[in-house]
S.K.: 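Before I ask anything, here is the structure I am working with.
Chain letters run A, B, ... following the sequence lines, proteins first, then strands; residues in each count from 1.
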Amino acid sequence: MNNEQFAQVFDRIADLLEIKGEVVFKTLAYRKAAESIRDLPGSLKAFHQQGKLMEIPGIGKAIAEKIEELIATEKLGFLERLEAEVPVGLLEVLQVPDVGPRKAALFWKQAGVTSLAELEAAANAGIIRTLPGMGEKSEARILAGIDALKRRGHRLNLDTARSIADRWLDWIRHQPGVERAEAAGSLRRWKTTVGDIDIVVAIKEPSELMKALASHPDVQRVLGTGDNKTSLELPGGINMQVWTQPPDRFGTLLQFVSGSKDHNVALRALAQKQGLSLSEQCITTADGKEMLFADEEGIYKTLGLDFIPPELREDRGEIKAAEEHRLPRLLEVSQLTAELHTHSTWSDGINTIEEMARGCLSRGLKIYSASDHSGGLGIAGGLKPERLRERKKEIEQVQQKLGNGITILGGAEVEIKADGTLDYNDETLAWLDVVVASLHTSLRQPRDEITARLVNAIRHPHVDIIGHASGRLLPNREGADLDWDIVLDEAQKSGVAFEINANPSRLDIDEVHVRQAVEMGIPIFINTDAHAVEQLDLVVYGVSVARRAWLKPDQILSTWEPDRLLTWLKMPKANRKNL
DNA sequence: GCCGTTTTCGGCCCGACTGTTTTCAGTCG
């Protein structure tokens, strides 16, 4: 079992306990444990081996014992008993909007509903409306909810969510009375994928705006609307919430809707300790006075905290760090100096080396590597070794033309073949300035096999960087089933670097593994994998991964001064560990 | 079930919105 699978077990327990009617704080404890496991820097099994389970936040004696049982037997008696007690089909019933554990239990106990299909049948038969607390509207809402569930697409990639949000922000900002409008929620925290789109608006009188939103041609249906919040369904089953407060309360609203939920809970608990109450409207003092905030900064200051950037608001220790003035100064795009993984017209890119180099130069970069595909990847127009030599001549010409402002390197993205060998021979690999080794095919190999395959590349003396290591494609295709304990251990020994692939459909390696790698002293680059000049701007998404992983600029080699980085690239891999 | 410079027992965020109610429960973020 990997961390995600452990986490799913505890989320499942929480869901079942909720339906069963267990006290909410117990279910919260299981959810908190699941979240902690997902964020863990290292495998849960490794923590167990080191006897450190109870050091993980949210894991105490009871949950630690359950983890031990799972590791020993791959089973959990507690969960099995729970599944015998509560129909597991009710878990999908919980997915219906506006159906939570209490209603699910009601449908089960009073109408015999044990699955989504049975709920739909019961609603269609008019049975649901007869239950206590239910009525015709509730029944219709449930049918609409089941319908929405079927329509509902997957989560959105960050760039998709951003472009949708930007279009709406542009429209909202032009509506009468709107003073400010911003995207909030997981989009503002730069979470890897986004579920719903959240927009916050500063406006004194919101009713006209709410009406205008409801009648906007791109709104498929209105899911709910009030004075301060409206919930809309957009084409493709995407949900959008628009929240409003008067301008002098915009700060608390933006803070609240930005989340995360866990961050807000922790922040409000901190406020409580200080005799204050924090809400989306204001901070209320013990004697009932309201403190208003037009901006977020004052909220954190009032609570005795340094300002916490949205990317860090996940309740992973950021509040304590802000209290103690030891939040990291996070990486900015402007601090990057190098781009080592791009493609040109020599393989499947659409811009020439000169165009790409000029694109890098105009973005303030000092080192650019054309890292075209190796020969084996036929679909991407990979280069045979002799073509690499021809490309080198062009690189030299462009270098001469552009002068000293930028150093152009001749690299390659080399395929790690299904048997673990590389696509170029050692002589060619040694000759290249930068070697990025990547998996593209046979990603569904069993864990042992694909791990060994990647380890081969990691150990290879001429491989500088492992490209998009997991091979995941967001939002749907999972990455390879790698054994990360082995992968990172081998990387640490070999001196190889990992990239954060900045393409929003990759963001690979992810923030959890980035943090773990950096703690182990493994070098990290941010690369765009750009196949066109404008894709160089995707780097902002890679930067967001580094920011969410709490990295400081110097921990990313892509920020290094050119001389230092070129020295690093030229020295034998085994020696780099000492730099 | 977890946790502790207000607690080893008694807490565990706060408000909007909806639908069903005659004042509130459930859900959501």
S.K.: Quick one: label A/Glu18 by what it contacts on the DNA or RNA (base, sugar-phosphate, nothing), any heavy atom closer than 4.0 Å.
M.R.: nothing
S.K.: Distance between the C1' atoms of B/dA16 and B/dG10, in whole angstroms?
M.R.: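 The same atom, C1', in both gives a distance of 29 Å.
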S.K.: Measuring only the C1' atom in each nucleotide, how far is B/dT23 from B/dG29? A whole number of Å is fine.
M.R.: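 Comparing C1' positions in B/dT23 and B/dG29 gives a spacing of 25 Å.
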S.K.: Treating A/Ser260 as the side-chain partner and A/His263 as the backbone partner, does any N or O pair qualify as donor plus acceptor under 3.5 Å?
M.R.: yes
S.K.: Within the 4.0 Å limit for protein heavy atoms, which parts of nucleotides 23-29 of chain B are touched? Write it as a string from 5' to 3', B for base, S for sugar-phosphate only, - for none.
M.R.: ---SSSB
S.K.: Answer yes or no for A/Arg316 and A/Trp550: cation-pi contact, defined as NZ/CZ to six-membered ring centre under 6.0 Å and angle to ring axis within 45°.
M.R.: no
S.K.: Can you tell me if A/Thr114 and A/Glu118 form a side-chain donor-acceptor pair at under 3.5 Å?
M.R.: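 Yes, because at least one side-chain N or O of A/Thr114 sits under 3.5 Å from a partner of the opposite role on A/Glu118.
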S.K.: Tell me yes or no: between the side chains of A/Glu136 and A/Ser138, is some donor less than 3.5 Å from an acceptor?
M.R.: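 Note: A/Glu136 and A/Ser138 side chains miss the donor-acceptor criterion.
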S.K.: Run through A/Arg548, A/Arg38, A/Arg547 and flag the one making a salt bridge (charged side-chain N to carboxylate O under 4.0 Å, His left out) with A/Glu511.
M.R.: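 With A/Glu511 as partner, salt bridge (charged side-chain N to carboxylate O under 4.0 Å, His left out) holds for just one option, A/Arg548.
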S.K.: Please work out if A/Leu267 contacts a base, only the sugar-phosphate, or nothing of the nucleic acid, heavy-atom cut-off 4.0 Å.
M.R.: nothing
S.K.: Write down the distance separating the P atoms in B/dG11 and B/dT7, rounded off to the nearest Å.
M.R.: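 Between the two P atoms, the distance is 13 Å.
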S.K.: Between A/Asn228 (CG) and B/dC14 (C1'), how many Å, whole number?
M.R.: 14 Å
S.K.: Atom CD1 of A/Ile283 to atom P of B/dC14: distance rounded to whole Å?
M.R.: 12 Å
S.K.: Please pick, from B/dG1, B/dC12, B/dT20, the nucleotide with the shortest atom-to-atom distance to any side-chain atom of A/Ser138.
M.R.: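 Of all the options, the side chain of A/Ser138 is nearest to B/dT20.
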S.K.: For B/dA16, take OP1 and OP2 only and decide whether either is under 4.0 Å from a side-chain N or O of A/Gln245.
M.R.: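 So the side chain of A/Gln245 is outside the cut-off, no N or O lying under 4.0 Å from OP1 or OP2 of B/dA16.
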S.K.: Tell me whether A/Glu478 at atom CD has more than 12 heavy atoms from other residues, nucleotides or ligands lying less than 6.0 Å away.
M.R.: no
S.K.: I'd like to know if the side chain of A/Ser258 pairs up with that of A/Arg188 as donor and acceptor (distance under 3.5 Å, no hydrogens or angles considered).
M.R.: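 Result is yes, a qualifying pair exists.
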S.K.: Where the side chain of A/Ile63 is defined as all heavy atoms beyond and including C-beta, which of B/dC13, B/dG19, B/dC2 is the nearest nucleotide?
M.R.: B/dC2
S.K.: Name the closest nucleotide to the A/Gln281 side chain, picking from B/dA16, B/dC14, B/dC2.
M.R.: B/dA16
S.K.: The side chain of A/Lys273 is closest to which nucleotide in this list: B/dT6, B/dC14, B/dC12?
M.R.: B/dT6
S.K.: Looking across every strand, which nucleic acid part, if any, lies under 4.0 Å from A/Thr27 by heavy atom: base, sugar-phosphate, or nothing?
M.R.: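 Nothing, no nucleic acid heavy atom in range.
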